[in-house]
Protein chains: 2
Amino acid sequence: MDTNEPEDDPVKEAPVPRRRAQGLGRDIIIDACLKLAGGSDADALSFRKIGKAIGADPTALYRHFADKDELLLALADRVIAVGMEGYVPGPRWEESLRDLMLRTRASFLRYPQVATLAALRVTRQKGELEFIEAMLAALELAGFERREAALVYRACGDFMLAWTGFSAGLVLLGEQSAQDDNAWVRSYQDVSEQQYPLAVSSVALMAGVQDEENYRFALDLLLGGIAARLGN
Amino acid sequence: MDTNEPEDDPVKEAPVPRRRAQGLGRDIIIDACLKLAGGSDADALSFRKIGKAIGADPTALYRHFADKDELLLALADRVIAVGMEGYVPGPRWEESLRDLMLRTRASFLRYPQVATLAALRVTRQKGELEFIEAMLAALELAGFERREAALVYRACGDFMLAWTGFSAGLVLLGEQSAQDDNAWVRSYQDVSEQQYPLAVSSVALMAGVQDEENYRFALDLLLGGIAARLGN
DNA sequence: ACCTGAACACCGTTCAAGT
DNA sequence: ACCTGAACACCGTTCAAGT
């Protein structure tokens with residue numbers, strides 16, 4: 001618990017803002033980073049660029065975070081926490097699960113640099129705790145007992161995180177290197193139709209699927225599988 | 001180019017291996033890269049390290065690949081192709097889908113550096129074509145018509161690729177930065193049980209789930225959802 | 001106590017030069 | 001025709017030095 005940890009000392013040593021006029025602090029840095037992220041610059045979160053953004057030497061960051069990894073975890077947790085704002089569990093567990101797995105993804109995709117770098121990490125902080133608690137509550141409502149709920153949570157959580165990291169990578173790739181759908185279709189014009197009849201005849205259909213609708217489609221399949229599992 | 005070979009050869013200008021004694025060529029480079037990948041070195045695939053491995057200057061690679069991206073796509077396609085070796089479609093479509101989504105993942109995870117860097121790319125080459133053709137054949141066998149099959153293919157393919165990239169990232173993170181399960185459990189000892197009762201009481205269960213079983217569990221949920229979709 | 005700035009060991013990539 | 005090696009513009013990180 002690195003965020004707002006309750007201090008043991010009774011007197012509560014004051015923050016001593018003496019040198020805090022232009023001083024930093026974790027939250028100021030996190031705010032600046034999230035302002036930097038979101039653009040199309042794939043490595044907007046380098047220490048040198050962050051340093052420029054906060055008007056301090058890049059290495060000043062080491063005064064507040066042990067290393068880049070710790071900074072990224074803090075960013076990821078804040079992104080999750082922001083995504084949880086305004087969440088209210090509904091009466092139907094499927095809707096709650098779906099809501100949680102869409103809103104957290106959406107929040108990450110607003111900061112794709114954070115998503116690519118930290119989506120595979122467990123932050124073990126406030127935002128993640130709220131997300132987990134809400135997911136488990138929905139699964140309990142669905143009728144899963146504890147062990148089963150833990151399994152399903154892991155499947156859903158990692159499904160969402162993995163796919164979101166994947167999507168963020170696509171966003172940051174951008175137009176680069178002919179990743180676009182047209183290039184996919186075009187490159188299949190030289191492919192032997194005898195050898196790969198299904199692939200060739202379906203390439204336009206496959207390429208036409210956008211990532212966001214694809215995620216929602218897969219998510220609904222997954223939720224359908226969970227519901228089916230409850231059935232028996 | 002005068003060679004030692006008989007001249008004026010009218011038929012099929014020979015490959016002329018004159019300067020090919022230590023010469024390179026794409027396949028030699030790809031073989032060397034796959035030998036380099038697989039270890040625990042997260043950036044084993046830097047141009048400098050590849051250059052050392054093939055006994056050539058790092059920049060010699062630019063003679064055979066336009067840039068690193070093109071090299072990675074070639075590597076990824078080879079990894080997919082290797083994964084497809086020995087695949088035979090079975091009579092049951094669910095089993096074929098499952099097989100394809102396990103063997104391709106397994107092949108990628110043998111070369112985690114390739115998986116993290118290229119799992120989100122469409123290679124548009126031989127290995128990927130074989131994979132797509134086999135997947136679509138299984139879905140046709142299941143009874144999906146073309147448009148539906150394309151949708152389900154995209155969901156399954158990206159599910160597998162996204163999660164595999166995620167898993168490869170975990171592998172390369174390794175023991176680093178306390179990503180391990182024990183750290184997760186330990187860090188929850190300070191968490192308020194009143195505020196997050198479900199999360200705290202389930203952390204050991206959640207942390208105990210290994211990535212590979214988690215993937216298989218989610219995969220079965222997904223396949224279950226696909227089967228349910230066919231039902232109506 | 002906090003920040004600076006040079007330095008270190010790395011990246012991918014370019015380009016004039018070698019043979 | 002193919003390869004080399006210095007150079008460029010970047011990384012994250014360390015550490016002695018400033019105030």
Side-chain angles (χ1 to χ4, degrees), chain A residues 13-29 32-33 36-37 39 41-75 113-114 116-118 121 172-173 176-177, chain B residues 1-5 13-29 32-33 36-37 39-75 113-114 116-118 121 172-173 176-177:
Chain A
E13 40 158 22
V16 195
R18 200 177 68 86
R19 201 85 302 248
R20 269 305 207 259
Q22 52 158 13
L24 293 175
R26 291 174 73 107
D27 282 334
I28 291 165
I29 295 174
C33 286
L36 269 182
D41 181 8
D43 36 38
L45 292 181
S46 81
F47 274 34
R48 284 165 178 83
K49 288 175 185 170
I50 299 170
K52 191 169 290 181
I54 60 180
D57 191 90
T59 62
L61 291 167
Y62 284 95
R63 224 56 47 201
H64 303 89
F65 298 94
D67 51 18
K68 181 144 192 185
D69 195 64
E70 195 177 297
L71 170 59
L72 283 172
L73 288 184
L75 288 172
Q113 295 90 345
V114 178
T116 15
L117 294 169
R121 306 301 311 282
L172 293 177
L173 264 180
Q176 178 203 327
S177 52
Chain B
M1 47 212 56
D2 35 2
T3 65
N4 322 0
E5 265 94 40
E13 41 159 19
V16 197
R18 200 175 70 86
R19 201 89 296 253
R20 268 305 207 258
Q22 52 159 11
L24 292 173
R26 291 173 73 105
D27 281 334
I28 292 167
I29 295 174
C33 286
L36 269 182
S40 55
D41 181 8
D43 36 36
L45 292 181
S46 81
F47 274 33
R48 284 163 179 84
K49 287 177 185 169
I50 297 169
K52 193 170 285 180
I54 61 181
D57 191 271
T59 62
L61 291 167
Y62 283 96
R63 224 55 49 198
H64 303 89
F65 297 93
D67 52 17
K68 181 143 194 189
D69 195 63
E70 194 178 298
L71 170 60
L72 283 172
L73 287 185
L75 288 172
Q113 295 90 345
V114 178
T116 14
L117 294 170
R121 306 302 311 282
L172 293 177
L173 264 181
Q176 176 204 327
S177 51

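So you know, we letter chains A, B, ... as the sequences are listed, proteins then strands, and number each from 1.
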For B/Ile50 and C/dG12, give me the distance from atom CD1 to atom C1', rounded to whole Å. 11 Å
Side chain of A/Ala60, heavy atoms from C-beta onward: which of C/dG5, C/dT13, C/dC3 has the nearest atom to it? C/dC3
Can you measure A/Lys52 atom NZ to D/dA9 atom P for me and round it to whole angstrom units? 13 Å
For B/Phe65, what residues pass the ring pair (Phe, Tyr, Trp, His ring centres under 6.0 Å) criterion, not counting sequence neighbours? none
Between D/dG5, D/dC3, C/dC11, which one does the side chain of B/Arg48 approach most closely? C/dC11
Taking atom P of D/dC11 as reference, at what distance in whole Å does atom CG of A/Asp69 sit? 18 Å
Which residues pass the side-chain contact (heavy atoms from CB on, under 4.5 Å) test with B/Leu36, not counting sequence neighbours? B/Leu45, B/Ile50, B/Ala53
Excluding sequence neighbours, so at least two apart, what forms salt bridge (Lys or Arg N to Asp or Glu O under 4.0 Å) with B/Lys49? B/Asp41, B/Asp43
From CZ of B/Phe65 over to P of C/dG12, roughly how many Å is that when rounded to an integer? 15 Å
Check side chain to side chain donor-acceptor pair (under 3.5 Å) between B/Ser46 and all other residues, then give those that pass, not counting sequence neighbours. none
Can you tell me the distance, in whole Å, between the CD atom of B/Glu70 and the P atom of C/dG12? 16 Å
Are any of B/Lys49's side-chain N or O atoms less than 4.0 Å away from OP1 or OP2 of C/dC10? no
Which range-with-range stems can be found for DNA chain C when each stem has 3 or more Watson-Crick or G-U pairs in a row and both distances sit under 3.5 Å? C:4-8 with D:12-16, C:12-16 with D:4-8
Tell me the interatomic distance from A/His64, atom NE2, to C/dC2, atom P, rounded to whole angstroms. 7 Å
Of D/dT4, D/dC11, C/dG12, the nucleotide closest to the side chain of B/Lys68 is C/dG12
Salt bridge (charged side-chain N to carboxylate O under 4.0 Å, His left out) contacts in which one or both residues fall within residues 54-67 of chain B, not counting sequence neighbours: none
Quick test: give all pairs of protein nitrogen or oxygen and nucleotides 14-19 of chain D nitrogen or oxygen below 3.5 Å, distance rounded to 0.1 Å.
none

OG1-CZ distance between B/Thr59 and B/Arg48, expressed to the nearest 0.5 angstrom: 9.5 Å
I'd like to know if the side chain of A/Gln113 and the backbone of A/Leu172 have a donor-acceptor N/O pair within less than 3.5 Å. no
Spacing of A/Leu61 atom CG relative to C/dC2 atom C1', expressed in whole Å: 13 Å
B/Asp57 CG - C/dT13 C1' separation (whole Å): 12 Å
Where along residues 39-47 of chain B does a heavy atom come under 4.0 Å from DNA chain D, residue by residue in number order? none
Taking A/His64's backbone N and O only, do any of them form a donor-acceptor pair with A/Arg26's side chain (distance below 3.5 Å, no angle check)? yes
Roughly how far, to the nearest 0.5 Å, is CD1 of A/Ile54 from CD1 of A/Ile29? 5.0 Å
When rounded to the nearest 0.5 angstrom, what is the spacing between NZ in A/Lys52 and CZ in A/Phe47? 16.0 Å
